[in-house]
Enquirer: 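This is the structure, below, for whatever I ask next.
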There are 2 protein chains.
Amino acid sequence: MTRLERDLSNMLSFFKALSDESRLKIVGILASGDRSVEELASLLELRAPTVSHHLSRLKKTGLVHMSTEGNTHIYRLNVESLRTLSKQILSVEKLSADDLVDSEAWEKKVMNDFFEDSRLKVIPASRKKREVILRFLAEQFDRKQKYSEKEVNQIIGRYHEDFATLRRELVGASLMKRKAGEYWRVK
Amino acid sequence: MTRLERDLSNMLSFFKALSDESRLKIVGILASGDRSVEELASLLELRAPTVSHHLSRLKKTGLVHMSTEGNTHIYRLNVESLRTLSKQILSVEKLSADDLVDSEAWEKKVMNDFFEDSRLKVIPASRKKREVILRFLAEQFDRKQKYSEKEVNQIIGRYHEDFATLRRELVGASLMKRKAGEYWRVK
DNA sequence: TCGCTATTTAGATAGATATCTATTTAGACT
DNA sequence: AGTCTAAATAGATATCTATCTAAATAGCGA
């Protein structure tokens, strides 16, 4: 299991733990002091086994701790875990990285849908799909080299007859630049 | 609906929205840029209707926004909402206030279980319950007055014959203080 | 206007889970 | 040992929901 997968399932169990009204109230109540199971049950107007079930769920995620006092079990909030969660939320972005989802699935799909025998069947109407095609075309150019318009047309022409439109789109999408009749790849 | 109830159900819907693996991934993916429904579907290996369902749930809680581009719908993350949530988590304590739970239910229950005809049946063994009883007894004393031990015994004696134990417990629990044979109520 | 594309809605199904009652476990007091 | 008390576990049930397929909607281009 990668670090990211751990982060995801860790965060997920936090959210699952807090995505229930009774448990959210329990956390709120415990924030103002330790409580026994029976105490929570009467505050929440629930049966003790129900509360016990919720507490064991909260305990499993580390949101609460338990201590023993005779045969009563005293639960207390783990404030630190809330702080950790609060921070984690601000770094949700990191969850999208490559090993959580197949980040090339979209490109592969679009390429597969629009190419046949190494030729572009049609230029996609939607921007999102056109972008995939344009990125592919841009990759056919060497970053270190400059190309004349004729050369650009020729390379794009391998994939589609309307090289002029595609050439303009490449420039429009800032994947290529043009100056004084010369083209070069950007990024 | 009170402010607290609104806060609770608001927070709850946030947590519910994020307590699903697919939705958490969607949020993660959107953090790195806008995406169409189809794009998300292929990244997550889910059907478009499923993704659409998740997005509408996220949209309802304000976690994402939608814009239209031809007939493709582009979704983007509302980063501000994550920041808000992150802050709210640190103030969960406020959820325990009086109008969310009946904060006296516990005291009432204990008093009811242990009193009969205005007399304490037995001294509860568990600390949590004894505390309720002791708080009640402390309330029988006037904060502005000092009492001799005899007077203290007499007042406690109205409720239970073992006034000596209860008197000592009151001092031990810091609900009363004693000095030079005089007692007074604290807090 | 017709057909194509992207999304949403409707409806069905399988799996998860919050709650309850009844039972079991375990500690404390006599 | 036996009784009482507090909590946990087991098992049942009813509700919720993530996912799918099929159908409906809506924009766009020919």
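Just so it is clear: chains get the letters A, B, ... in the order the sequence lines come, proteins before strands, and each one is counted from 1.
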Enquirer: Do the charged groups of A/K128 and B/E38 touch, with an N to O distance under 4.0 Å?
Expert: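 Judged by the 4.0 Å cut-off on N to carboxylate O distance, A/K128 and B/E38 do not form a salt bridge.
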Enquirer: Going by the ring-ring contact (aromatic ring centres under 6.0 Å, His included) test, which pairs reach into residues 33-73 of chain B, not counting sequence neighbours?
Expert: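 Checked against ring-ring contact (aromatic ring centres under 6.0 Å, His included) - neighbours excluded - no pair reaches residues 33-73 of chain B.
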Enquirer: Tell me, for nucleotides 18-30 of chain C in 5' to 3' order, what letter each nucleotide earns: B for a base near a protein heavy atom under 4.0 Å, S for only sugar-phosphate near one, - for neither?
Expert: SBBBB---BBS--
Enquirer: Can you name the side-chain contact (heavy atoms from CB on, under 4.5 Å) partners of B/K87, sequence neighbours left out?
Expert: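 If we apply the side-chain contact (heavy atoms from CB on, under 4.5 Å) test to B/K87, skipping adjacent residues, there are no hits.
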Enquirer: Measure the distance from NZ on B/K128 to C1' on D/dA7 and round it to the nearest whole Å.
Expert: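 It is 16 Å, rounded to the nearest whole Å.
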Enquirer: Considering only heavy atoms, which members of residues 24-41 of chain A lie under 4.0 Å from some atom of DNA chain D?
Expert: A/S36, A/V37, A/E38
Enquirer: List the residues meeting side-chain hydrogen bond (donor to acceptor under 3.5 Å, both in side chains) with B/R83, not counting sequence neighbours, and say none if there are none.
Expert: B/E80
Enquirer: What residues form a ring-ring contact (aromatic ring centres under 6.0 Å, His included) with B/F136, not counting sequence neighbours?
Expert: B/F115, B/Y159
Enquirer: Can you name the residues that form a side-chain hydrogen bond (donor to acceptor under 3.5 Å, both in side chains) with B/S19, not counting sequence neighbours?
Expert: none
Enquirer: In chain order, what residues pass the side-chain contact (heavy atoms from CB on, under 4.5 Å) check against A/K108, with sequence neighbours excluded?
Expert: A/D102, A/E104
Enquirer: Quick one: list whatever passes side-chain contact (heavy atoms from CB on, under 4.5 Å) with A/S32, sequence neighbours left out.
Expert: A/R35, B/S96
Enquirer: Would you kindly give the CZ-to-P distance between A/R130 and C/dT5, to the nearest whole Å?
Expert: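 Whole-Å distance recorded here is 15 Å.
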Enquirer: Quick one: is D/dA8 close enough that its OP1 or OP2 comes under 4.0 Å of any side-chain N or O from A/Y75?
Expert: yes
Enquirer: Within this structure, what is the CG-to-C1' distance between B/L44 and D/dC20, rounded to whole angstrom?
Expert: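 It is 15 Å, rounded to the nearest whole Å.
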Enquirer: Hey, could you give me each pair passing salt bridge (charged side-chain N to carboxylate O under 4.0 Å, His left out) that has a residue in residues 41-63 of chain B? Not counting sequence neighbours.
Expert: none
Enquirer: Does any residue of residues 104-120 of chain B have a heavy atom under 4.0 Å from DNA chain C, and if so, which ones, in number order?
Expert: none
Enquirer: Over how many whole Å does the gap from A/I74 atom CD1 to D/dA6 atom P extend?
Expert: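 After rounding, the reported distance stands at 11 Å.
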Enquirer: What's the CE-C1' distance between B/M66 and D/dA26, to the nearest Å?
Expert: 12 Å
Enquirer: Say whether A/L175 and A/W106 are linked into one hydrophobic cluster, either directly or through other cluster members, by side-chain heavy-atom distances under 4.5 angstrom.
Expert: yes
Enquirer: Just grab all the side chain to side chain donor-acceptor pair (under 3.5 Å) pairs involving residues 173-183 of chain B, residues at least two apart or on different chains.
Expert: B/E149-B/R178, B/E149-B/Y183, B/R167-B/Y183, B/R178-B/Y183
